[in-house]
Amino acid sequence: MKNINYSLNSNLSERLSSSRPDNLFSLPIAQLGDWTFDEKVAEVFPDMIQRSVPGYSNIITMIGMLAKRFVQPHSRIYDLGCSLGAASLSVRRNIQVPGCSIIAVDNSPAMVERCRRHLDAFRDDTLVDDTLVEVLEKDILDVRLKKASMVVLNLTLQFINPKDRLSLLTLIYQSLIPGGVLVLSEKFTFEDPQVSELLFDMHHDFKRANGYSELEISQKRSMLENVLRSDSIKDHKTRLHQAGFEHADVWFQCFNFGSLIALKTKKTNRPLRKLAFI
Ligand SMILES: Nc1ncnc2c1ncn2[C@@H]1O[C@H](C[S@+](CC[C@H]([NH3+])C(=O)[O-])CC(=O)[O-])[C@@H](O)[C@H]1O
Ligand SMILES: O=C(O)C(=O)Cc1ccccc1
């Protein structure tokens with residue numbers, strides 16, 4: 001069959017199916033330290049994220065669809081906490097306007113090094129695109145954001161110190177041009193204890209179904225405990241509005257993971273109202 005739009009298919013985890021399987025935590029570890037995105041994690045990351053985050057592939061694919069709709073000519077797209085560049089690749093494949101730059105940022109040297117390689121390796125010469133891609137090894141709190149039509153925080157805000165989250169989102173809002181979008185994917189907490197327990201258990205079922213043992217699940221959980229601090233959907237929405245976003249809601253959810261879009265309104269060309277009493 002001809003004319004299939006392949007731009008929606010085959011994202012990085014699927015393309016890198018030959019990447020090393022994640023068995024980092026399969027043996028007992030005597031001293032479980034805090035989680036870091038080091039060389040070992042970067043090496044198995046495509047397999048790890050695919051088997052750990054329900055809906056990850058869908059989110060990456062849909063980020064491409066959102067890029068098609070939201071990216072404006074001669075604007076910037078920021079992928080903050082880019083890891084191996086899966087979201088940047090999906091955006092690049094779907095941009096249909098000229099003069100754009102994607103700025104992918106991560107503070108893990110191991111991720112950045114591999115991200116640069118992936119973005120080079122997966123350059124699609126059949127697409128007519130002049131999109132530039134830059135990969136910065138930097139803390140996302142230190143990036144000077146500007147002229148953005150799309151910002152992606154795909155599973156990254158949860159690793160940022162909670163005291164810095166509102167100021168980061170405010171800077172993102174201010175960097176967006178009218179009509180711009182933020183995509184914010186996160187692991188969520190839930191207020192209702194019953195729902196919370198169910199979705200937590202479903203996430204564990206998902207990991208077990210993907211071949212992780214109880215030991216792998218519990219060792220990773222304990223390493224993430226002080227590092228990944230998640231919020232409820234309600235808290236995300238409140239914070240997004242405080243940051244200035246006029247519209248924000250969930251567009252995807254699978255168990256305790258999901259993604260929100262937050263919109264900066266388009267400029268309205270409302271005619272000046274006549275002054276009634278002059
Ligand atoms: N302060 C920081 N500054 C820069 N990078 C950071 C910071 N803190 C954490 N990171 C980086 O954020 C990424 C989070 S993974 C994102 C997946 C990706 N978005 C994806 O679409 O595949 C999510 C996960 O592993 O659950 C890691 O690469 C960190 O090094
Ligand atoms: O595995 C988990 O429990 C997660 O919350 C997701 C995740 C995926 C990859 C690295 C760190 C956390």
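Hydrogens, waters and symmetry mates play no part in the numbers below; they use all other heavy atoms, side chains included. Atoms within a ligand are numbered from 1 in the order they appear, just like the ligands themselves.
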| request: Answer with yes or no whether the side chains of N154 and Y56 bring together a donor and an acceptor at under 3.5 Å. | output: no
| query | Should we count CD of E197 as having more than 12 external heavy atoms under 6.0 Å? | reply | no
| So, E186 and S230: side-chain donor and acceptor under 3.5 Å apart, yes or no? | no
| query | Taking only residues two or more places apart in sequence or in another chain, which ones pass salt bridge (Lys or Arg N to Asp or Glu O under 4.0 Å) with R117? | reply | E113
| remark: Interatomic distance, CG@L171 vs CG@L176, rounded to 0.5 Å, equals 11.0 Å
| task | Please check if any side-chain donor atom of Y173 sits under 3.5 Å from a side-chain acceptor atom of Q242, or the reverse. | result | no
| field | For L240 against A248, the heavy-atom pair lying closest together | value | CD1-CB, 3.8 Å
| field | Which residues share a side-chain hydrogen bond (donor to acceptor under 3.5 Å, both in side chains) with E216, sequence neighbours left out | value | S213
| field | Amino acids contacting ligand 1, non-hydrogen cut-off under 4.0 Å | value | F37, F45, I49, Y56, I60, G81, C82, S83, D106, N107, S108, M111, K138, D139, I140, N154, L155, T156, Q158, F159, I160
| request: Quick one, list the residues around ligand 2 where some non-hydrogen atom comes in under 4.0 Å, by chain and residue number. | output: W35, M48, S52, V53, K187, H203, K207, K220, L224, L228, F257
| request: Could you tell me how the ring of F190 sits relative to the ring of F188: parallel (under 30°), tilted (30 to 60°) or perpendicular (over 60°)? | output: perpendicular
